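Values in this document were obtained by computation on a predicted structure and should not be read as measured data. Quick note: numbers below take in every heavy atom, side chains included, and nothing from hydrogens, waters or symmetry partners. Throughout, a chain's letter reflects where its sequence line sits, starting with A, and its residues are numbered from 1.
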2 protein chains.
Amino acid sequence: MPKRRFREIEEAARIARALSHPVRLRILDELREGGAYVMHLTTVLGRPQANISQHLMVLREAGLVTAEREGMTVIYRVRDPRLLALVDQLLELAESHVVARGAEEPLAREELPPRGRRRRGACRCPRCRGEK
Amino acid sequence: MPKRRFREIEEAARIARALSHPVRLRILDELREGGAYVMHLTTVLGRPQANISQHLMVLREAGLVTAEREGMTVIYRVRDPRLLALVDQLLELAESHVVARGAEEPLAREELPPRGRRRRGACRCPRCRGEK
DNA sequence: ACACTTTATTCGAAAATCGGAATAAAGCTG
DNA sequence: CAGCTTTATTCCGATTTTCGAATAAAGTGT
């Protein structure tokens with residue numbers, strides 16, 4: 001191991017911290033192709049807008065995403081595609097952890113997929129209206 | 001995007017949280033080849049033993065490392081080699097972040113490499129004495 | 001200007017994390 | 001057994017995270 005420099009390690013820890021919340025991972029997952037509007041994220045993830053904005057701030061401050069104003073709306077994008085590869089590896093590792101210990105506890109209520117037939121993507125952001 | 005399952009995402013977040021501290025990343029880095037004894041970690045990382053043990057507990061509870069008793073000593077190993085690949089990607093991403101914004105603040109005192117000529121690995125763990 | 005939409009920020013409380021200090025626990029040696 | 005070495009755990013205070021609620025800010029349309 002080539003003796004990593006300290007600053008890199010601290011930065012790596014900051015990145016990992018930004019990734020250490022389920023909502024933020026889901027946000028990054030939604031940003032995969034072409035980014036997403038804030039409104040879209042609140043709809044798809046089913047969480048209050050303020051909360052989504054807070055999590056987006058964390059991702060922004062970690063330098064992982066960019067925010068671009070488009071009139072009234074704001075579109076967020078992943079800054080470096082390598083981040084998505086990283087998230088993929090993280091999810092793969094997580095998958096083997098999960099299957100390794102089988103289906104144990106019954107999944108927190110809060111994180112269950114939203115009820116009802118609210119189709120994924122049924123929000124009013126420009127993307128979902130087919131405007132862009 | 002193949003609609004990740006929630007449990008995986010929560011597990012991924014837990015893993016990321018375990019990775020979100022510089023000392024823990026350095027520990028994993030030290031475990032790369034053949035694992036390491038706790039004593040070795042405290043020597044190389046220059047931190048109090050209790051603190052190292054606490055961080056090791058976090059890594060254990062996240063399922064990232066194993067602890068194996070060998071008489072008086074305990075050797076820690078990375079459970080899944082894919083974790084090291086993940087850490088590598090994390091460090092690479094961190095490196096571009098660091099070089100991107102140049103050398104700014106002068107690196108916290110606490111994280112500076114240890115003073116003096118205490119050679120890396122000059123501890124009394126079985127490995128460093130050439131016993132194993 | 002006013003109303004409306006979309007997003008960001010601030011505030012406060014509950015919870016989690018972190019680290020030092022002290023202590024416990026487990027194994028070895030004599 | 002007493003003493004030593006190595007590692008784990010507990011306690012506690014300080015800091016940080018997280019989230020809801022409320023509010024601010026920025027842009028659009030009338």
Please give, in whole Å, the distance from [N] [atom2] to [X] [atom1]?
{"X": "A:E70", "N": "C:dT7", "atom1": "CD", "atom2": "C1'", "answer": "14 Å"}
{"X": "A:Y37", "N": "D:dA26", "atom1": "OH", "atom2": "P", "answer": "20 Å"}
{"X": "A:E68", "N": "D:dA26", "atom1": "CD", "atom2": "P", "answer": "18 Å"}
{"X": "B:M57", "N": "C:dG19", "atom1": "CE", "atom2": "C1'", "answer": "12 Å"}
{"X": "A:Q49", "N": "D:dA22", "atom1": "CD", "atom2": "C1'", "answer": "12 Å"}
{"X": "B:L56", "N": "C:dG19", "atom1": "CG", "atom2": "C1'", "answer": "15 Å"}
{"X": "B:Q54", "N": "D:dC12", "atom1": "CD", "atom2": "C1'", "answer": "12 Å"}
{"X": "B:L19", "N": "C:dT17", "atom1": "CG", "atom2": "C1'", "answer": "16 Å"}

Among [options], which is the nearest nucleotide to the side chain of [X]?
{"X": "B:M39", "options": "D:dT18, D:dT28, D:dT6", "value": "D:dT6"}
{"X": "B:R17", "options": "D:dT28, C:dT7, D:dT17", "value": "D:dT17"}
{"X": "B:R124", "options": "C:dA8, D:dT6, C:dT6", "value": "D:dT6"}
{"X": "A:N51", "options": "D:dT6, D:dG20, D:dA22", "value": "D:dG20"}
{"X": "A:P48", "options": "D:dG20, D:dA8, D:dT6", "value": "D:dG20"}
{"X": "A:R47", "options": "C:dT9, D:dG27, D:dC19", "value": "D:dC19"}
{"X": "A:V38", "options": "C:dT7, C:dG19, D:dT9", "value": "C:dT7"}

According to a strict under-4.0 Å criterion, is [X] in side-chain N/O contact with OP1 or OP2 of [N]?
{"X": "B:R24", "N": "C:dC18", "answer": "yes"}
{"X": "B:Y76", "N": "D:dT6", "answer": "no"}
{"X": "A:H40", "N": "C:dT6", "answer": "no"}
{"X": "A:H55", "N": "D:dT17", "answer": "no"}
{"X": "A:R69", "N": "D:dA25", "answer": "no"}

Can you tell me if [X] uses its side chain to pair, donor with acceptor, with the backbone of [Y] under 3.5 Å?
{"X": "A:R17", "Y": "B:S20", "answer": "yes"}
{"X": "A:R79", "Y": "A:G63", "answer": "yes"}
{"X": "B:R60", "Y": "B:T66", "answer": "no"}

Practice task
Give one of base, sugar-phosphate or nothing for A:A67, where a contact means two heavy atoms less than 4.0 Å apart.
Solution key: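 Nothing: the residue A:A67, judged by heavy atoms under 4.0 Å, touches no strand.
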
Practice task
Just call it for A:T73: base, sugar-phosphate, or nothing, with non-hydrogen atoms closer than 4.0 Å on any strand.
Solution key: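 Sugar-phosphate contact only.
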
Practice task
Identify the nucleotide, in any strand shown, that forms a Watson-Crick or G-U wobble pair with D:dG3, with both distances under 3.5 Å; if there is none, say none.
Solution key: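 Per the H-bond distance test, none.
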
Practice task
Just name whichever nucleotide pairs with D:dT15, Watson-Crick or G-U, keeping both distances under 3.5 Å, else none.
Solution key: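 With both distances under 3.5 Å, D:dT15 matches C:dA16.
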
Exercise for the section: Identify whether the distance between the nearest side-chain nitrogen and carboxylate oxygen of B:E11 and B:R14 falls below 4.0 Å. Expected result: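 Salt bridge flag = yes for B:R14 with B:E11.
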
Handout entry: Stepwise side chain to side chain contact (heavy atoms under 4.5 Å, CB included) check, B:V99 with A:E8
Key = CA-CA 9 Å; B:V99 311; A:E8 286 176 32; over 6 Å; no

Problem - Test item: A:H40 and A:R127 side chains (from C-beta on) under 4.5 Å apart, heavy atoms - result: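 No - every pair of side-chain heavy atoms lies 4.5 Å or more apart.
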
